[in-house]
Every structure is written in structure tokens, then in C-alpha cells.
Amino acid sequence: MIEIQRIKENKEEVLLGLSKRNIDAKQEVEQIIALDHDWRLKKTQLQDVETELNAISKQIGVLFSTGKQEEAKVLKSKTGALKEALQAFKIEEEALEKKIQDVLFTLPNVCTQEVPAGKDETANEIIEEFGTSPSLEEAPLPHWELAKEYTLIDFELGVKVTGAGFPFYRGQGARFQRALVSFFLDEAVDAGYEEFISPLMVNENSGKGTGQLPDKEGQMYYIGADDLYLIPTAEVPLTNIYRDVILPDPNFSIKLTGHTPCFRREAGSYGKDVRGLNRLHQFEKVEIVRIETPENSEKALHEMIDHIKSLLQKLGLQYRVLRLCGGDTGFAAAITYDFEVYSAAQEKWLEVSSVSRFDTFQSNRLKLRFKDENKKSRLCHTLNGSALALPRIMAALLENNQVPTGINIPEPLRKYTGFDMITKK
RNA sequence: GGAGAGGUGGCAGAGUGGUUGAACGCGCACGCUUGGAAAGCGUGUUUACGGAAACGUAACGGGGGUUCGAAUCCCCCUCUCUCCGCCA
């Protein structure tokens with residue numbers, strides 16, 4: 001959540017950043033400032049009473065130990081009223097604090113200066129395009145047709161065993177996916193990210209830490225019997241490694257990566273956009289996560305962007321980079337860049353990566369801090385990005401690399417697949 | 001799942017109702033000492049909030065209770081360890 005200090009000190013900047021999301025938060029911001037003022041006042045009053053009560057208790061202790069029972073009794077009788085006052089102040093103070101939290105929780109992150117204002121994806125800015133569409137034979141097949149023809153993915157089996165959106169990958173399809181995962185992980189490790197295999201379920205505190213809870217509760221699968229959530233992305237377990245951590249000095253740059261399945265309920269999705277691999281309840285993704293000082297986070301963001309570009313270029317995919325407008329930027333992000341690859345058979349752009357800077361929005365919830373040069377605790381910046389999400393990359397590669405005799409495997413993947421081309425068996 | 005033991009500062013580990021935010025030790029930082037180092041000596045060394053500061057308040061796994069006063073007593077939850085059971 002937004003730091004309350006920032007709201008107080010840079011009210012206009014906060015309002016401007018939120019306005020890019022089409023949100024007028026003037027009322028909430030004023031309310032928070034007023035509540036915070038009241039809370040401070042109440043807190044001081046509360047502490048005054050506590051000070052007095054502590055002093056009396058101390059005196060009683062001394063009196064007892066010196067055998068002055070009578071004097072102690074007199075003092076004791078004075079504490080009743082104070083305790084009542086203490087209770088009252090405490091209740092008021094806690095109520096105020098909760099109210100502030102409640103309002104704060106409703107506010108999304110403040111968008112940065114470069115984020116374009118706008119309501120939906122039509123306002124996103126295309127900032128870069130790379131590559132050209134492959135020249136395919138007439139009537140290229142969409143990936144779900146190719147998947148059937150070469151027995152790569154079985155959607156019907158998934159429906160039988162689990163339900164829609166849970167496909168089986170099989171044979172060369174399974175191998176192809178595994179090759180992509182290995183390639184992405186190796187590239188990340190080469191770029192200095194530490195590889196993790198993480199839990200696939202997380203507790204409530206972790207969900208809150210990265211901002212999925214409470215605002216996206218309905219999007220996660222929930223295991224009621226054990227009070228756990230299936231992860232919607234590796235971002236959640238990876239970032240939460242650093243929940244409640246204070247890094248001891250300002251010279252750090254934490255780079256994590258992990259490959260996990262991602263589980264998303266995708267409530268309300270339907271239609272042709274969900275055809276084939278375009279939208280699934282379970283899919284695989286390699287995620288990269290970074291924890292940086294505020295001074296370094298913008299640089300880190302661009303390193304991540306460059307990393308993703310290089311992956312797409314090595315795979316020979318045509319892509320474009322979008323800077324999302326405020327309305328399309330996720331709740332916790334300050335700025336987000338999306339990567340889309342061109343799917344030649346479907347003739348459309350598919351989102352394959354989303355890279356975001358969260359500034360202190362997550363770390364404020366996570367209580368993830370570092371000691372600066374003056375040994376002061378400051379909140380870290382967190383960032384993450386997909387590098388990459390598997391299904392749509394697979395869809396694009398299948399479609400774009402189809403030839404009459406099969407489907408060509410991009411060169412960098414061949415050492416992982418063990419074959420150069422997907423063929424009919 | 002059953003039985004027992006336990007969760008205290010960076011670590012190790014005292015502390016069973018009173019000036020204990022917490023002994024002693026290790027580690028760490030700074031200083032003294034030294035040609036330099038070690039040893040030695042001294043000082044310091046949790047976090048959050050309020051405050052310009054002095055200082056104050058809170059926190060001994062989490063939550064609640066008893067009490068003038070709780071790390072210490074009571075209740076609930078949770079986690080760890082040991083033994084048993086089960087098991088890829």
C-alpha cells in the first residue's frame with residue numbers, strides 16, 4: 001500500500017498518479033490525512049496515561065518491597081480510573097488505525113510520471129516493435145489445430161480429468177514445453193538470477209504481502225481445509241521470501257527466478273479469447289523477481305526489459321513492447337510494460353510477459369526494508385516480470401514455425417528438445 | 001494422526017509476578033593499546049510508533065485473560081524438536 005508519509009508530504013503527486021487510473025482519490029486522501037492526525041493525537045494521549053500508570057505501578061512495587069503495605073493500598077485505589085481511561089483510549093486508537101488501514105487498502109499504487117492516463121488497453125502506448133511476421137503457407141493452422149495434428153496438447157483429456165483450462169501436454173508437446181522452461185531458466189541464471197523451486201501454495205499473509213489479498217481473492221484457488229491459496233504466479237512465494245526482512249546494508253541487488261505452474265480461476269472469462277492456450281486455469285511460467293534500493297529500481301526495470309527482449313529475439317519472435325496506461329496497470333504496480341508476440345495464424349498479438357515496478361507498494365505490506373548508509377530503515381523496491389509465460393509463447397512458436405513437413409524448433413531450443421522439428425509420428 | 005518437550009536480542013543462553021528491553025557469553029562496530037597484528041581494556045550494538053530533541057510508549061512465537069504490575073500465572077492458536085503411527 002501507499003506509504004502514509006508520502007500521502008501527507010506529496011499529496012498532489014499522489015493524486016496525479018492515481019488520476020492516471022481514472023481514480024479521483026481526493027476524498028480518500030483527505031480522509032487519511034485527517035484520520036492520521038486524529039490517530040497521532042489519540043496515540044499521544046494513550047501514551048501519557050500509560051506513562052502515569054507505569055509510574056504508579058513502579059511505586060507500588062517499591063512500597064511493597066519496603067513493607068509499606070498501607071501506602072501501597074492507597075496508590076492502588078488510584079489506578080482504577082486510569083485503567084478505564086486507558087481502555088477507552090486504546091479502543092479509540094485502534095479504531096482509528098484500522099480505519100486508516102481500510103482506506104489505504106482500497107487505494108492502488110501511484111502511477112509514475114511516464115504512465116499514460118487512460119481507462120483501458122486502447123490507451124496503452126506501443127513503445128517498440130521488433131521483427132517481422134513469418135511468411136507462412138496459405139491458411140496456416142492455429143495452434144490448437146496443430147496441437148491436435150501432431151498430438152502435442154490434449155484439451156479434451158484435460159476436461160475429462162479436471163475441467164476446461166487444464167490441458168495435458170504430451171509427447172513432443174510436453175518435451176517442447178520442458179525445453180522452453182529449461183531455456184528460460186538457464187537464461188535467467190546466466191543473467192545472475194538465483195533459481196528457486198518454491199511452494200505452490202501460500203498462506204494468507206503471503207497473499208497479502210504481494211497484494212493479491214484482499215483485492216483479488218476471487219482469482220485464486222483456495223484450499224479451505226488448510227487455509228492455503230494456490231499461487232497465481234511465482235511472484236508470490238518468491239517475493240514473500242523477503243517478508244519481514246531488514247537487509248543489513250544498502251549494497252544489495254537481489255535477483256530471484258523460479259519456474260512454477262500458475263493457477264488462476266479467471267472467473268468470468270469466456271469466448272474466443274480463451275481458445276486453445278490463450279487463457280488457462282493452470283499454466284507454467286518462469287518468473288524473475290528483483291529487490292532493489294529505490295535508487296536502483298529504475299535501472300533494474302530496464303535490465304529486466306532487456307532480458308525479456310533478448311529471450312524473444314533468440315526465439316525469433318516478432319514482438320512489441322507496450323507501456324500500459326493507468327487504467328490497465330495492475331493494482332500494486334507503479335508502472336508496467338507488457339510484451340506481446342505476434343501469432344501469425346491467429347493474426348493477433350498475444351501477451352507473453354508483464355514487467356512491473358512496484359516501488360514501495362509491496363514492501364510496505366511485506367515490511368521489507370534495508371538499512372541505508374545512515375543505518376536508517378527504509379523500504380525496498382520490488383519488481384517482477386514473466387520471463388516468460390509458456391502457453392502463448394508455445395502457441396506463437398507452433399503457429400509461426402509451421403511448414404508443410406512439420407514445425408521447426410528454434411535453434412536455441414534444440415539442445416533441450418533433442419529434435420529439430422516436430423513431426424507426425 | 002497419538003504422546004512429550006520447547007519457542008527470549010545477529011547467534012548461544014539465563015531469567016517463574018515488581019526500577020528486566022531483558023544477565024553472562026559469542027559475534028559485530030568504534031576507540032584505547034601496538035611498529036603491525038593478536039590478546040587486553042573501554043564504549044556501543046533490536047524494532048516500531050510519537051517527539052526538533054530530551055525522552056516516552058509498545059513488543060520476549062501469535063491472540064485473549066488475571067493483576068496496581070506479566071518474559072514469568074491462566075486459556076486458545078501456531079510453529080519447531082523427540083518418540084510412535086502413516087507414507088512418495
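A note on names: the letters A, B, ... follow the listed sequences, proteins ahead of strands, and every chain is numbered from 1. Remember, predicted model here, so these are calculated numbers, not experimental data.
Heavy-atom nearest nucleotides on RNA chain B were determined for Glu94(A) and for Ile56(A), and the one closer to the 5' end corresponds to Glu94(A). With RNA chain B read from its 5' end, the first of the two nearest nucleotides for Lys43(A) and Leu53(A) is the one closest to Lys43(A).
The minimum heavy-atom distance linking Ala179(A) with Leu413(A) is given by the pair O-CD2, 4.0 Å. Residues Gly276(A) and Phe155(A) come closest through the heavy atom pair O-CE2, 3.4 Å.
In this structure, OG1 in Thr51(A) is found 7.0 Å from CD in Gln47(A), a value given to the nearest 0.5 Å.
A salt bridge links Glu295(A) with Arg378(A): the distance from a Lys NZ or Arg NE/NH1/NH2 to an Asp or Glu carboxylate oxygen falls below 4.0 Å. Salt bridge absent: Glu156(A) and Lys160(A) never bring a charged side-chain N and a carboxylate O closer than 4.0 Å. For the pair Lys43(A) and Glu97(A), the salt-bridge criterion is not met [side-chain N within less than 4.0 Å of a carboxylate O].
Taking 4.0 Å as the cutoff to heavy atoms of chain A, we find the contact window on RNA chain B bounded by G18(B) to G69(B).
C81(B) and A29(B) have their C1' atoms separated by 35 Å, given to the nearest Å. The separation of A12(B) from C49(B), taken at their P atoms, amounts to 27 Å, rounded to a whole angstrom. As rounded to the nearest Å, G69(B) and U82(B) have C1' atoms that lie 37 Å from one another. A48(B) sits 37 Å from A5(B) when the P atoms are compared, rounded to a whole Å. Spacing between C30(B) and G35(B) at atom C1', rounded to whole Å, works out to 22 Å. Comparing the P positions of G25(B) and U43(B) gives an interatomic distance of 12 Å, to the nearest angstrom. Comparing the P positions of U66(B) and G9(B) gives a spacing of 28 Å, expressed to the nearest Å. Of the C1' atoms belonging to G6(B) and G15(B), the separation is 16 Å, rounded to the nearest Å.
Ser386(A) places a side-chain N or O within 3.5 Å of a backbone atom of Ser354(A) that can act as its donor or acceptor partner.
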- Treat a base pair as Watson-Crick or G-U wobble with both distances under 3.5 Å, then lay out RNA chain B in dot-bracket form, 5' to 3', with | for cross-strand pairs. ((((((((.[[...)..(......]]((((((.......))))))(((((....))))).[[[[[..)....]]]]])))))))....

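Among the protein residues, Ser377(A) comes within range of the sugar-phosphate backbone only, with heavy atoms under 4.0 Å from sugar or phosphate atoms but none that close to a base. Lys58(A) comes within contact range of the sugar-phosphate backbone alone, with a heavy-atom separation under 4.0 Å but no base atom that close. Among the atoms of the strands shown, base atoms are found under 4.0 Å from some heavy atom of Ile60(A). Within 4.0 Å of Thr79(A), counting heavy atoms only, lie sugar-phosphate atoms of the nucleic acid but no base atom. At a threshold of 4.0 angstrom between heavy atoms, the contacts of Asp48(A) with the nucleic acid are absent.
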Ignoring hydrogens and angles, write down the donor-acceptor pairs under 3.5 Å from the side chains of residues 241-248 of chain A, residues two or more places apart or on other chains.
from	atom 1	to	atom 2	distance (Å)
Arg243(A)	NE	Asn240(A)	OD1	2.8
Arg243(A)	NH2	Ser206(A)	OG	2.9

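Using modelled atom types, one finds no donor on one side chain facing an acceptor on the other under 3.5 Å when comparing Ser297(A) with Glu292(A).
Below 30°, between 30° and 60°, or above 60°: for Phe263(A) and Tyr221(A) the angle between ring planes is above 60°, a perpendicular geometry.
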